[in-house]
Amino acid sequence: MEKIKPKRLEKGDTIGIVAPASPHYNRSDIIRGIETLEEWGFRVVVGDNVHNKHEYLAGTDQERAHDFNEMFRNDQVDAVFVTQGGYGSARMLRYIDFDLVRNNPKIFIGYSDITSIHLAIQKYTGLVSFHGPGMAGFNAEDLTDYRKEFLFKALMETDPIGEIRKANEKKWINRINKGEAEGELVGGNLTLVCASLGTPYEIDTKGKILFLEEVWAEPWNIDHMFTHLLNAGKLQEAAGIVIGECTLCEPKKMDPGFHVTFSLEDILYDFIEPLGIPAIHGLSIGHTKDLATLPMGVNAYLDATNKKLFVTESGVK
């Protein structure tokens with residue numbers, strides 16, 4: 001499918017806010033995010049149903065999809081930001097008008113549960129979308145300099161982002177396999193990537209650089225999901241693999257004197273090392289305070305030998 005790039009974001013543009021997954025806990029999270037966007041020089045339009053709550057969802061599937069579709073239909077809206085992830089994005093996919101999205105390309109950004117929407121957008125429209133923070137975290141407490149830098153680079157500059165460097169020189173990037181790889185950047189949250197298998201929105205990893213991240217998943221659960229990806233042929237088909245920090249992916253109960261279980265690293269080596277595919281682990285991707293925004297569907301270069309990932313194509317025009 002032909003690749004489509006949205007127009008870059010500029011000061012004075014209008015950002016539409018939608019809630020495709022879980023509801024906000026505190027309304028002030030959204031208010032703070034809106035004030036931050038306005039301080040940066042943007043106008044903000046809030047979806048009709050953003051403050052709705054339907055059990056563990058931010059409104060019914062139809063209500064959440066309505067806001068999403070309306071933001072792409074609205075000619076006054078230049079970009080679409082989500083409030084947060086959580087759960088429920090996949091439930092509304094059948095109500096999304098993908099022809100509307102394709103014919104009205106705009107920046108769309110979010111991560112975690114929003115992975116479901118990114119994969120569907122890539123599959124049905126070819127539009128480059130952005131794996132990055134939800135606007136509920138746009139405040140002085142959560143918005144680190146690193147997070148802000150990569151957000152602006154990805155959305156507001158027509159030059160490629162370049163190296164996704166370590167957020168802190170004290171952090172460690174682990175090399176699983178040496179080598180180099182080039183290809184389009186695809187992926188997202190491991191749970192949601194696996195959930196796409198066997199659906200019309202199934203991830204395509206062939207010849208691509210697959211990035212994965214996860215949070216609050218025990219090693220056995222990650223083992224289960226990597227088994228699923230391997231059995232589906234998705235790991236073997238990738239040109240390169242990049243694993244994020246995977247925050248809090250440890251056993252919930254263990255004897256600290258004698259760990260009788262695989263660690264996350266053990267699982268990564270167990271599944272990825274035998275494939276011989278260039279692979280690294282530990283970049284600031286996903287559920288981490290220093291979160292790098294990644295354009296999805298653009299070309300990237302992985303130098304696993306030197307433990308570096310470069311985004312070599314801009315996601316905006």
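Model, not experiment: these values are computed from the prediction.
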**Q** As a quick check of understanding, evaluate side chain to side chain contact (heavy atoms under 4.5 Å, CB included) for His24 and Ile30, giving each step before the final call.
**A** CA-CA 8 Å; His24 57 71; Ile30 310 304; 3.7 Å; yes

**Q** Can a salt bridge be assigned to the pair Glu2 and Arg102 using a cut-off of 4.0 Å between side-chain N and carboxylate O?
**A** no

**Q** Among Ile176, Ile243, Asp303, Leu302, find the one that has a side-chain contact (heavy atoms from CB on, under 4.5 Å) with Ile280.
**A** Leu302

**Q** Side chain to side chain contact (heavy atoms under 4.5 Å, CB included) between Phe262 and Ile222: does it pass, once the steps are laid out?
**A** CA-CA 10 Å; Phe262 274 169; Ile222 291 177; over 6 Å; no

**Q** Kindly check if the number of other-residue, nucleotide or ligand heavy atoms within 6.0 Å of CG (Asp145) is above 12?
**A** no

**Q** Between Leu100 and Asn103, is the side chain to side chain contact (heavy atoms under 4.5 Å, CB included) condition met? List the steps.
**A** CA-CA 5 Å; Leu100 179 68; Asn103 294 326; over 6 Å; no

**Q** Using the side chain to side chain contact (heavy atoms under 4.5 Å, CB included) rule, take Phe81 and Leu37 through it: C-alpha gap first, then chi angles, then the decisive distance, then the call.
**A** CA-CA 11 Å; Phe81 285 21; Leu37 291 175; 4.1 Å; yes

**Q** Check for a donor-acceptor pair, side chain of Glu38 on one end and backbone N or O of Arg43 on the other, with a separation under 3.5 Å.
**A** no

**Q** Could Glu35 and Arg32 be called an ion pair, given the rule that one side-chain N must be under 4.0 Å from one carboxylate O?
**A** no

**Q** Any link between Phe211 and Val311 through a network of hydrophobic side chains (Ile, Leu, Val, Met, Phe, Trp, Tyr) touching at under 4.5 Å?
**A** yes

**Q** Show me the donor-acceptor pairs within less than 3.5 Å that the side chains of residues 119-129 make with the rest of the protein, sequence neighbours left out.
**A**
| unit_1 | atom_1 | unit_2 | atom_2 | d |
| --- | --- | --- | --- | --- |
| Lys123 | NZ | Pro200 | O | 3.4 |
| Lys123 | NZ | Glu202 | O | 3.1 |
| Thr125 | OG1 | Ile121 | O | 2.6 |
| Thr125 | OG1 | Leu127 | N | 3.0 |
| Ser129 | OG | His118 | ND1 | 2.7 |

**Q** Between Lys171 and Glu245 (salt bridge meaning N to carboxylate O under 4.0 Å), is one present in this structure?
**A** yes

**Q** Whether Arg147 and Asp290 form a salt bridge (side-chain N of Lys/Arg under 4.0 Å from carboxylate O of Asp/Glu) is what I want to check.
**A** no

**Q** Which distance, rounded to the nearest 0.5 Å, do you find between the CD of Glu218 and the CG of Asp223?
**A** 12.0 Å

**Q** Mark yes or no for whether Lys307, through its side chain, and Ile173, through its backbone, hold a donor-acceptor pair below 3.5 Å.
**A** yes

**Q** Can you measure from CG (Leu235) to CG (Leu210) and round to the nearest 0.5 angstrom?
**A** 7.0 Å

**Q** So does Val77 get a backbone contact from the side chain of Lys106, meaning a donor-acceptor N/O pair under 3.5 Å?
**A** yes

**Q** Can a salt bridge be assigned to the pair Lys153 and Asp159 using a cut-off of 4.0 Å between side-chain N and carboxylate O?
**A** no

**Q** So if you build clusters from Ile, Leu, Val, Met, Phe, Trp, Tyr with side-chain heavy-atom gaps below 4.5 Å, do Leu190 and Leu275 land together?
**A** yes

**Q** Could you pull out the closest heavy-atom pair between Thr83 and Ala19, with the gap in Å?
**A** OG1-CB, 3.5 Å

**Q** Could you tell me whether the side chain of Thr14 and the main chain of Asp78 form a donor-acceptor pair under 3.5 Å?
**A** no

**Q** Kindly say whether Val215 contributes a backbone atom to a donor-acceptor pair with the side chain of Thr247 at under 3.5 angstrom?
**A** no

**Q** Using a 3.5 Å distance criterion without hydrogens, assess whether the side chain of Arg8 forms a donor-acceptor pair with backbone atoms of Lys317.
**A** no

**Q** Indicate the atoms forming the closest heavy-atom contact of Ala21 with Gly86, along with that distance.
**A** CB-N, 4.3 Å

**Q** Centres of the Phe138 and Trp40 rings: under 6.0 Å?
**A** yes

**Q** Starting at CE of Met156, measure out to CG of Leu9 and round the result to the nearest 0.5 Å.
**A** 5.5 Å

**Q** Distance check, rounded to the nearest 0.5 Å: Phe42 atom CZ versus Glu10 atom CD?
**A** 9.0 Å

**Q** With sequence neighbours left out, which residue pairs that include part of residues 276-287 fulfil the salt bridge (Lys or Arg N to Asp or Glu O under 4.0 Å) condition?
**A** none

**Q** Show your working on ring pair (Phe, Tyr, Trp, His ring centres under 6.0 Å) between His66 and Tyr95 and close with a plain yes or no.
**A** CA-CA 8 Å; His66 165 83; Tyr95 300 112; over 10 Å; no

**Q** Donor-acceptor pair, distance only, cut-off 3.5 Å: does the side chain of Asp67 make one with the backbone of Asn49?
**A** yes

**Q** Between the side chains of Asn189 and Glu214, does any donor sit under 3.5 Å from an acceptor?
**A** yes

**Q** Could you check whether any side-chain N or O of Tyr146 sits under 3.5 Å from a backbone N or O of Arg165, counting only pairs where one atom can act as donor and the other as acceptor?
**A** yes

**Q** Nearest heavy-atom pair of Pro160 and Glu313: which atoms, and what distance?
**A** CB-N, 3.7 Å

**Q** Taking the six-membered ring for Trp, are Phe72 and Phe68 parallel (under 30°), tilted (30 to 60°) or perpendicular (over 60°)?
**A** tilted

**Q** Give the minimum heavy-atom separation between Leu264 and Cys246, together with the two atoms involved.
**A** CD2-CB, 3.6 Å

**Q** Can any side-chain N or O of Gln84 pair as donor or acceptor with the backbone N or O of Pro23 at less than 3.5 Å?
**A** yes

**Q** Are a donor atom and an acceptor atom from the side chains of Asn174 and Tyr269 found within less than 3.5 Å of each other?
**A** yes

**Q** Going by atom types only, do Asn139 and Thr36 share a side-chain donor-acceptor pair under 3.5 Å?
**A** no

**Q** Is there a path of hydrophobic side-chain contacts, each under 4.5 Å between heavy atoms of I, L, V, M, F, W or Y residues, that connects Phe98 with Ile4?
**A** yes

**Q** Does the distance from a Lys or Arg side-chain N to an Asp or Glu carboxylate O, for Lys234 and Asp204, drop under 4.0 Å?
**A** no

**Q** Can you tell me how far the CG atom of Leu93 sits from the CZ atom of Arg91, to the nearest 0.5 Å?
**A** 11.5 Å

**Q** Hey, which of Leu294, Leu151, Val316 is the one that makes side-chain contact (heavy atoms from CB on, under 4.5 Å) with Phe130?
**A** Val316

**Q** So, Ser22 side chain and Tyr87 main chain: donor-acceptor pair closer than 3.5 Å or not?
**A** yes

**Q** Going only through I, L, V, M, F, W and Y residues with side-chain contacts under 4.5 Å, is there a path from Val193 to Ile267?
**A** yes

**Q** I'd like to know if the side chain of His287 pairs up with that of Ser112 as donor and acceptor (distance under 3.5 Å, no hydrogens or angles considered).
**A** yes

**Q** From Ser196 OG over to Ile203 CD1, what is the distance, rounded to the nearest 0.5 angstrom?
**A** 6.0 Å

**Q** Would you say that Lys5 contacts Pro105 through its side chain, given a criterion of any heavy-atom pair below 4.5 Å between the two side chains?
**A** no

**Q** Looking only at heavy atoms, what is the nearest atom pair of Leu291 and Pro133, with distance?
**A** CD2-N, 3.6 Å

**Q** Might you work through the side chain to side chain donor-acceptor pair (under 3.5 Å) test for Thr312 and Asn299, ending with a clear yes or no?
**A** CA-CA 6 Å; Thr312 56; Asn299 292 323; 5.5 Å; no

**Q** Can you establish whether the number of heavy atoms outside Tyr25 located under 6.0 Å from its atom OH is more than 12?
**A** no

